Every structure is written in structure tokens, then in C-alpha cells.
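One structure below.
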Protein chains: 2
Amino acid sequence: MDVKIVDVALKAKVSPTTVSRVLNNNPLVKSKTREKVLRVIEELQYVPNAAAKNLRQQRTMTIGIIVPDVRVSYYTDLVKGIQTKAYAEKYKIVICDTNNDRVIESEYLKLLSDRSVDGMILVASMLTNSEVQEIVDRGYAVGVIGRSIQNSKVLNVHTDNVKSAKEAVNHLIEQGHRDIAFLSGYPNAMDSYDRLEGYIKALKEHEIPFNPSYVESGNFNETGGYEAMLRLWDKGLKFTAVFSANDEMALGVYRACKERGISIPRDLAVVGVDNDRVSQYLSPTLSTVNQPKFQMGFTLAEKLINRLNDEEIEQERVTVLESELIVRHSSVKA
Amino acid sequence: MDVKIVDVALKAKVSPTTVSRVLNNNPLVKSKTREKVLRVIEELQYVPNAAAKNLRQQRTMTIGIIVPDVRVSYYTDLVKGIQTKAYAEKYKIVICDTNNDRVIESEYLKLLSDRSVDGMILVASMLTNSEVQEIVDRGYAVGVIGRSIQNSKVLNVHTDNVKSAKEAVNHLIEQGHRDIAFLSGYPNAMDSYDRLEGYIKALKEHEIPFNPSYVESGNFNETGGYEAMLRLWDKGLKFTAVFSANDEMALGVYRACKERGISIPRDLAVVGVDNDRVSQYLSPTLSTVNQPKFQMGFTLAEKLINRLNDEEIEQERVTVLESELIVRHSSVKA
DNA sequence: AAAGTGGTTGAAAACGATTTCAGTCTATGT
DNA sequence: ACATAGACTGAAATCGTTTTCAACCACTTT
């Protein structure tokens, strides 16, 4: 149906081999032959068939990305970074949106294990270590963001969550707060854990006792943040500030405050993490810890592609990028 | 390297043909044989090679999506809809982010023309009609959102932009406004044009004369909206309301108003289009015309897949979905 | 004149699945 | 006992490239 390499070869009066060489810029071809072949390719509008090429070369120039939800700006910014690097290196990306469902995530992993991608990037993955390990063993290059994998070849990019959290909480303390609540994400997510650690460290450094009842889990989403706030208040706890492990949950905090007539930042100071796109548009604007999401995606893609292009290249398995506290209006009294 | 179909065949003491039949649920296989084969597949952790399968079957079960920018919530919501349907039908999707660059978009089109996808969805495409036509001629199923293609087999889903705009402007008029500015998108984008038409129609119906100097283009982005507002004011025009052809530009309107100390909605009523995720979080919350973005993506994917599965199926080439005015605080005086 | 050299080309095998077509086997009816 | 249909299986061709290997040609060197 489509025009194929032998059609070009026939018309150009050369062998398919030569056409292939022209396509792949093999310098062995005499320039006159090359020109002739190129002319015919143009004439016939020939495009090489990817499946045939993939089959023969045993690679697809494609990277698979598994994300929890493509609508979340945090993930999209990562994807943008990955995509930008991938495009520059002539890689394609296939996106799998798990809808925050671990079963679907597992299915996607299987779906991608058919050599239709050369490597995979797992974002905020809920897969077990052994599931990930198996993919590595099958020879896929894999990178993760938003979790840690011990003892393997898995590439990783992240920010120093302990430090980020500490900075955020320090900032609240400097604003005069002593009673600071903490909204964590999924209890077992790496990021949650580190941010909790940073929270505790900041308190310790200022000799504020750590009280576990000030900690509530909000599952990293708006509703979770909202409900967590209600729970905190229902406990009868007094606090003047809250550190939310991400901006999404902070949205829930805003909603809860609005309902209860609590003024931010007058009655309650709020700091989030991620610098979600909406944060700057909230009233008051939300103080947050910015994550260099684009850069994280870009860097991880770079490392992954390095590995794909050259197994031998010397590079760090783990990269830590800097995050940065952005002080806006939600944490500073007028 | 990987285990392949003959390995399974050998171990199960059957032919590759039979293994293939088992894989593809061909009912001809005796159930005892099937079980044996399945056991070996499980034992060997065999996964069929996609490239080989694609080559033989001449299809990839993959849909390509070309979008201007994956960070924009409008596009992401579409992608989510597409992805949801695609997943249900066992299709993969590859995403191409053109970064709003028509040259890059063209390159992506070429990149996808190698039979690595069975169909393509172009979102807010800047390609020429003939470029799109060529893809159709090559036998790809193609769908578009956010532009119109005349005279071809290209699938399309959209909302009635004329009506949406008219409703939005009617709403402003009902709130007592007579002098209403209009912020258009790209001058030559279909959507811009239709929304302008709706704006004019609404004015006409209320016997308000249409004055072209009330129209400024803002290129569909925040900065464009901001600058368009400044230009309108600089002209010395008096107006008490503005209809922005999308929410993104309305963000620019908010910024401009803040800078000039103009209060929304007291001094200026604002209505946007798209129901961007941020709109509900703005202060005041932004009135807007909601587009069923998820549904649009889902529907287009459905039609595209229908076409891929069965060339003969009877279905409309163009689907129009309903949009809906959401009145929030930016357009209603307290 | 024979042998070597470097530049250029092509024939054929390979990649790993599916599909066509031709069987083989079993059971059934006569 | 034989023919025959139906159930099941396998050999070989096929998809469209890339890659290996051998060969060819035109020169130069000995």
C-alpha cells in the first residue's frame, strides 16, 4: 500500500541497501547516487516504516511515561520537561494516565513491556519495588520521580524534601508562629515522609515540642486537605499556621477557612509545596516551596537517553535539584 | 535476548502458530493445549514483541496527539478525555507538544507519518489544510479540535462558539452593561472568529451598535490579555464590561485591573471562556463559558477508534457539544 | 602483469510476530 | 469398513527495514 524501500530502489536503479544507507546518512554512498536516491525519495514521498525499523534495530526511540493524572500541573510540568529533551533527541513519548489507580498503573506497565518503548519514566508511582525491578531486569532503562528505589540501576531526580520542608516551617516560625499544623500526603509516599521529617527538624531546632496530633494526612488532594483541616479543628487544637505538603491540599485549607470565616493570613498562615500554577492566583497568594519541575523532567530524560544511547556513560544515578521557598501573602501578616 | 514465541512453542511442544493463536484468543485451540501454552507463557514471562506484531498487522494500536502546550489545562483536559477512551480500547497515545511553534508542529507531523500511529488528533493546529489533507491521503485517521477542516474525512468535535459568545455577552447586557469590550484570540483562529461573531450578534439583538475599536486581540494568553486591556484604555475608551475569548486572557485582565486600581466587578465586569482550572480560584471568581473538554476529547477518540476498527461504520463526521455559561462573581455586582 | 587498495555497491539473512493453506486426527454416519 | 466432516495443528510465507558479507570497479604499487 505505502511506498516502500524497494519501490525507491527500483525507481532509482539501486539496491534497497543503498537506499537504506542514504536514509541513515551512511558516508559510503557516492554523492551522485545519494542525490539521485534523495530525489526519488522526495518524488515518491517515501517515509520509512517505523515497525520494520524498530523490529530490525530492536529499539523504538520512544520513552513511556506513567503519571497519576495528566491534569495536575505538577505532572504536566514534568512531562513538558521530559518532552522537550526527548524531542531534541528525536525520541517520542507515550503517556499513560493511571487516574491514580495502582491497578491501572500495573496494567500500563505490562502494556509497555512489549518493547514498544526503550525506557520508562514512572512519576509518583505506586508500584512495588519488585515490579519496578522486573522491568529493569528485562532491560528497560527506567527513571523515577517522586519515590525512591533502593539498590538498582533506576535513575532518579528529586529535590531535597527535608530541606524544603524545614525552610518552609522555619519561615513560619520566623513569622512568630509556634503552633504549626502539618498536612501530609499519602502516609507511605516518600515525599510525605521527608516533608514530615523536615517539619519535625525545624521544630526541634527552635525547641518547639513535636506533637503528633498536629499532623493529619490529606492524600495530596484538595478534598483531603479540606477534610484534614476539619479534623484538626474538631480535635479542638489551637494553631496559627499550617504547613501543607503540597499546594493542592492548601486549596482545601483555603476552602475550609472560607467556610469557617477564618482569615488567611491573619488568623492562619499557610505554606504549601510545589508552586502549583494556581497558587499565584489565589487570594491571598499562596506561599510555597517551588520545585523545578521542568528541570527535573528534563534532567531525568537526559539521563535516561544517555543511558539508552551509551550504556557506558559515566553519570550519577541520582540527581538532587534545588527547591526554593517563595514567600507570598498567605504566610505574612499585612 | 528476550524470550520469543518459538521459545514458548518449543517448551510447550507446539508450533509458534498455536502459541500465536492462544495469544490472540483464537477459539480453534483445544482447551488443554491452550492451558499448557498459557502455563509456559507464564513460566517464561513471555511478552509478544510489539514491533513484530505491528509490522505484520500493519497497525500499532497507537494514536498520536499534537498539542500546542501540555501545561495548559484546556489541552490537558482534552488529553485526559482522549486517553480515557483510548485506554478502554487498548490504544496507546503518543503526545507531541509543539510549544506553540508551527514549524515544530510540522516536524511532528512528519515524525508521526512513519506508521508508528494509526491515527492522529490535532489540537488547535496551525497546519495548512493541504498538510492535513496529505496525512488523510496517506491513510491515517485524523481528528481535529479547535479548527475546522472543510471538505474531507477529518473528524471534528467542537462546541457552538457563536452561541457561547452570545450567551456570555447577553449575560453582561442583562447585568446592565452597554459598553462591552471584546478580547479576541489569534485573529485567524476559527474559535476567535466565531466568538467575535457571537459578540456582535448579541449586541445587534439588543440594538447596541457594534464598534470595532472595542475589539482587541490578545493571542489567547495572559500577557496578550494584559496588553490588550492597556491598549483599550489608552484609546480612551469607556466600557464597563469585557468579554474575553478565553480565561487565560482574563487573567491578564485581572492583572491590568489590579495595577490600575480598577475593581472587578464593581468597575468592570469580566466573562471568559473555557472554564480553566484557575478560574474558580480567582478573586473574584471568574464567570466563564464552560467547554466540556473531557467529553470533547473522549468523543473524538471514540469516533477515531470507531473509524480505525471499522471503516464502514456510520457516524457523523462533526459533533457539536453543548457549552454552558457559568456565572460567578466577576460579572455580578454584589 | 599481478597484486593490492579503497571506495562503492548489492544479495541475502535477520528481526519476531501473524496468517494462509494444507494437512492430520477423531468421530460419525452409512 | 469406508468415506467424510469437523476439530485441531503446523510449515512456510509475509510484513519492510537494517546489516553482514562478499564482490566489483578503477587505480596504484610492485
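Fair warning: this is a prediction, and the values are worked out from it, not measured in the lab. By convention in this document, chain letters (A, B, ...) are assigned in the order of the sequence lines, proteins followed by strands, and residues within each chain are numbered from 1.
- Counting to the nearest Å, the P atom of D:dG16 and the CG atom of A:Leu10 are 14 Å from each other.
- For the pair B:Leu55 CG and D:dA13 P, the computed distance is 17 Å after rounding to whole Å.
- Side-chain nitrogen and oxygen atoms of A:Gln57 include none within less than 4.0 Å of the OP1 or OP2 phosphate oxygen of C:dA14.
- Atom P of nucleotide D:dG10 and atom NZ of B:Lys13 are separated by 12 Å, given to the nearest angstrom.
- Cation-pi geometry between B:Arg277 and B:Tyr74 is not satisfied (NZ or CZ under 6.0 Å from the ring centre, within 45° of the ring normal).
- For A:Arg56 and D:dT17, a side-chain-to-base donor-acceptor distance below 3.5 Å is absent, hydrogens and geometry of angles not being considered.
- Checking the phosphate oxygens (OP1, OP2) of D:dT9, a side-chain nitrogen or oxygen of B:Thr33 falls inside 4.0 Å.
- Rounded to an integer number of Å, the gap from B:Lys53 NZ to D:dG16 P is 18 Å.
- Closest to the B:Thr18 side chain, of the nucleotides D:dT9, C:dG10, C:dT9, is D:dT9.
- Across all non-hydrogen atoms, the minimal contact from B:Met296 to B:Thr159 is SD-CG2, 4.1 Å.
- Where A:Leu23 and B:Lys30 each meet DNA chain D at their nearest nucleotide, the meeting point lying more 5' is that of B:Lys30.
- Look at A:Gln58 and you'll find a side-chain N or O under 4.0 angstrom from OP1 or OP2 of C:dG16.
- No donor-acceptor contact under 3.5 angstrom links the side chains of A:Arg71 and A:Asn99, judged on distance only.
- Atoms CE (B:Met61) and P (C:dA17) sit 18 Å apart, rounded to a whole Å.
- Residue A:Asn26 contributes atom CG, which lies 11 Å from atom P of D:dT20 at whole-angstrom precision.
- Put simply, B:Asn24 has a side-chain N or O that comes within less than 4.0 Å of OP1 or OP2 on C:dT18.
- Using a 3.5 Å distance cut-off with no hydrogens or angles, the side chains of A:Thr60 and A:Asn54 do not pair a donor with an acceptor.
- Within 4.0 Å (heavy atoms only), A:Val6 reaches no atom of the nucleic acid at all.
- When the side-chain nitrogen and oxygen atoms of B:Lys4 are compared with OP1 and OP2 of C:dG16, one or more of them lie within a distance under 4.0 Å.
- Using modelled atom types, no side-chain atom of A:Asn309 and backbone atom of A:Asn306 make a donor-acceptor pair closer than 3.5 Å.
- Ring orientation note: the planes of B:Tyr108 and A:Tyr87 are tilted relative to one another, at an angle of 30° to 60°.
- Both B:Arg21 and A:Thr17 lie close to DNA chain C; mapped to their nearest nucleotides by heavy-atom distance, the more 5′-ward contact belongs to A:Thr17.
- To the nearest angstrom, P of D:dT17 lies 9 Å from CG of A:Asp2.
- Nucleic acid contact class of A:Ser20 (heavy atoms, under 4.0 Å, all strands): base.
- Taking atom CD1 of residue B:Ile5 and atom C1' of nucleotide D:dA12, one finds them 15 Å apart after rounding to whole Å.
- Between B:Asn54 and C:dA17 there is no side-chain polar atom (N or O) within less than 4.0 angstrom of OP1 or OP2.
- Remark: B:Tyr46 is in phosphate contact with C:dA17, judged by side-chain N or O atoms under 4.0 Å from OP1 or OP2.
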